[in-house]
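What follows is a short report on a single structure.
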2 protein chains.
Amino acid sequence: MGGLKTQHRNALPVPTRKPRSSRTGRATMADVATAAGVSAMTVSRALNRPDKVSEEVRARVAEASRRLGFVPSRLAAALATARSMTVTVLIPSLTNSVFIDVLAGIQETLSPHGYQPVIGVTGYTPEEEERVLRTQLASGPDGVILTGLDHTPATWDLLRSIPTPVVHTMDLAPDADDALTVGFSQFDAGHAVGRHLVERGRRRIGLIAGQLDPRTRQRCDGWRQALVEAGRHDPSLELMVPDSTSVALGAELLERMLAAHPDIDALFLCNDDLAQGALFHCARRSIAVPGRLALAGFNDLGGAAWTLPPLTTVATPRHAIGVEAAHLLLAAMNGRDDGPRSVDLGFRLMVRETT
Amino acid sequence: MGGLKTQHRNALPVPTRKPRSSRTGRATMADVATAAGVSAMTVSRALNRPDKVSEEVRARVAEASRRLGFVPSRLAAALATARSMTVTVLIPSLTNSVFIDVLAGIQETLSPHGYQPVIGVTGYTPEEEERVLRTQLASGPDGVILTGLDHTPATWDLLRSIPTPVVHTMDLAPDADDALTVGFSQFDAGHAVGRHLVERGRRRIGLIAGQLDPRTRQRCDGWRQALVEAGRHDPSLELMVPDSTSVALGAELLERMLAAHPDIDALFLCNDDLAQGALFHCARRSIAVPGRLALAGFNDLGGAAWTLPPLTTVATPRHAIGVEAAHLLLAAMNGRDDGPRSVDLGFRLMVRETT
DNA sequence: GCCCTTGGTGTTAGCGGTAACATCGAAACA
DNA sequence: TGTTTCGATGTTACCGCTAACACCAAGGGC
């Protein structure tokens, strides 16, 4: 009895210098230093600023490094330098290809500069965005890229309180020096579609929208204004549901719309997948497109040019937005904070055969 | 003259205790400790193991924490605990929705456990994969999820040399205790399509494939064997190109195929986007599907059920693969290494109207 | 020959946390 | 009432790297 407590006190206190490697089993800079017969600092220099080290030592370090399979710990470096080489990217959803395209642009641009995008998914809600941002900030990103401008007040405060540069995408800042922004005018894009349908001589022009995030709403607003301007707006022809968009939903909503308003002769669907579903429904019901019903989509997703007939839609510069956002962020992270504050990348109305 | 060098030596050495916050401007644990009148360690405990701290102190710490806007540095914690709460996920491409679906499954599963997936893009080449893996390993992930089993020998060595658990997805390990694997048999899936076309009585069955990664090849192999078994294999009906798949490519390749072999009566397209392109081409050329030509795709991507006619294809459990891979990894990261080593999630032949 | 550069390298002191052990008062026990 | 036990808290020593400065020999200007 008596000695049951663990008392490792006498477990050979190890002569201060560990024999090799660390707790993780991986070689550390100190190991390489010993192996190369130099100090840790010299190893660090040999790796990060080779010009500061003699040819000969550089070679010895490289050799030892290779031999030990040394991988410098970014974590330790990040802690010591206060630069994580990491960029937080928050998007509403992973399965919406719109954001993936933006992400791809960001990734391609950041990667060559050694920055690692770290993705957070916000599920389209500002509250979740705030939560995710908070946890991500804990790992000290060097930059932040957010989707949209609809953040909670607390998020805005948070963003202002950190020294980290922030870029907002997919939308345009109302006043340009409030935030770094890269996108296009969702309102104008919706307006262009509305006007296009009007110009095609359509009189009963409807709207179908899903996934009612602020950007979708702005598109709808633009469309509405175009119709109002033409004196052809009928609020009852708007069908807006919160469900996330899909081909199936497009077909279903069109059916509903036609049941209530068989006289519509044109339709703006706020996303291409809805439009494809509508197109499918028309084919099944032998509704002539664009003869009896004109259809316009949004985003110019992959298959839009390959429907029958090819879909009129709005091409959005998703990839370019990602690239430009990353460039802006890179500039800001390097202290070059002078560039334009709000970049409008525009959009293109792709008039094809459904209108 | 003389004093031009910067010699801040006498810049008031600050009384050892900095007044507040650190170099980054953010509050540190020490700041909170001071504010709450306790030691840093107690703050750490109050945050990570509240039960180890008295109710009263916990409240004081929470208060101080809130007041100072304290965000604990994950970096420092990671360095101290040797756990980064990070998982490296390597996928061939961001723009291929197949991998995004897997990724989404991973993300959803890992997130609630506090793990942060960090994505690397390998561009479909094992060499780039090795490179990306190397750099990612530098930030000490707690786990790794890779796509496929085709890694460079050096990658395999690397994986073996680290203590970090690794899961491979989208494929099945030849022998189950070699690696943790979650996927389905690409070969069998291809075989099922081949047999299906044979069973439909087709005699001149062709193949169109793009993006020739190992998984695509295995599908093709399976398909080929099915035809060989039926005595209907004609190598000249295989059209395989390295280009990445797209709707446009599908249309183009079908045209080429028909030009060379107008007598084909069935076609397996190794990805749904190719199949959609082929379908489009058939519609344009008034080729009856499935009357004159049967078409089968692969993956059951979003629009497959909504083509005209609806596309026969193979539904692959992409999301489930992500979820299961994450579960396996979580188990391994927590030391529960006992689960099944190779998980076959199967596939489903979706017979629709194009065959 | 003296002093100042300069380039290469080492030393020290953290970055912001946490593991492990030490300490201490009060409750529990004998 | 002395001792044990235990819960709550503090101290110390790092994790692995790098900024900043110290040091030193060789070269250059006068």
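Sequence lines set the chain letters: A, B, ... in the order given, protein chains first and strands last, and positions in each chain run from 1.
Remark: Thr42(A) is not in phosphate contact with dT9(C), judged by side-chain N or O atoms under 4.0 Å from OP1 or OP2. Proximity of Ser54(A) to the phosphate of dT9(C): a side-chain N or O atom is located under 4.0 Å from OP1 or OP2.
Within the 4.0 angstrom heavy-atom criterion, base atoms lie near Ser39(B).
Between Leu137(B) atom CG and dG16(D) atom C1' there is a gap of 16 Å when expressed in whole angstrom units. Atom NZ in Lys52(A) sits roughly 12 Å away from atom P in dT9(C) (whole-Å rounding). Rounded to a whole Å, the CG atom of Asp31(B) is 13 Å from the C1' atom of dG17(C). Separating the CG atom of Leu79(A) from the C1' atom of dT18(C) is a distance of 12 Å, rounded to the nearest angstrom.
Taking 4.0 Å as the cut-off between side-chain N and carboxylate O, Arg131(B) and Glu127(B) do not count as a salt-bridged pair.
Within a heavy-atom distance below 4.0 Å of DNA chain D, no residue of residues 57-66 of chain A is found.
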Polar atoms only, N or O, under 3.5 Å: list the protein pairs with nucleotides 24-27 of chain D and their distances.
none

Atom pairs under 3.5 Å: protein N/O with N/O of nucleotides 17-19 of chain D:
unit_1: dC17(D); atom_1: OP1; unit_2: Ser73(A); atom_2: N; d: 3.0
unit_1: dC17(D); atom_1: OP2; unit_2: Met29(A); atom_2: N; d: 2.4
unit_1: dT18(D); atom_1: OP1; unit_2: Asn48(A); atom_2: ND2; d: 2.9
unit_1: dT18(D); atom_1: OP2; unit_2: Ser44(A); atom_2: OG; d: 2.5

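Side chains of Arg160(B) and Asp157(B) form a contact here, defined as non-hydrogen atoms less than 4.5 Å apart. Looking at heavy atoms from C-beta onward, Pro141(A) lies out of side-chain contact with Gln136(A) at the 4.5 angstrom threshold. Asp31(B) is listed as a side-chain neighbour of Thr28(B), based on a closest heavy-atom distance under 4.5 Å. Contact of the Arg26(A) side chain with the Phe70(A) side chain is not registered, since no non-hydrogen atoms from C-beta on lie closer than 4.5 Å.
For the residue pair Glu129(A) / His151(A), a side-chain donor-acceptor distance below 3.5 Å is found, with atom types taken as modelled. Glu128(A) and Thr122(A) share no side-chain donor-acceptor pair at under 3.5 Å. Under the 3.5 Å distance criterion, with hydrogens and angles disregarded, no donor-acceptor pair is assigned to the side chains of Gln116(A) and Thr86(A).
The OG atom of Ser93(A) lies 4.5 Å from the OH atom of Tyr124(A); values are rounded to the nearest 0.5 Å. One finds the CG atom of Leu110(B) at 6.5 Å from the CG atom of Leu329(B) (value rounded to the nearest 0.5 Å).
At distances below 3.5 Å, not a single donor-acceptor pair connects side-chain atoms of Asp171(B) with backbone N or O atoms of Leu149(B).
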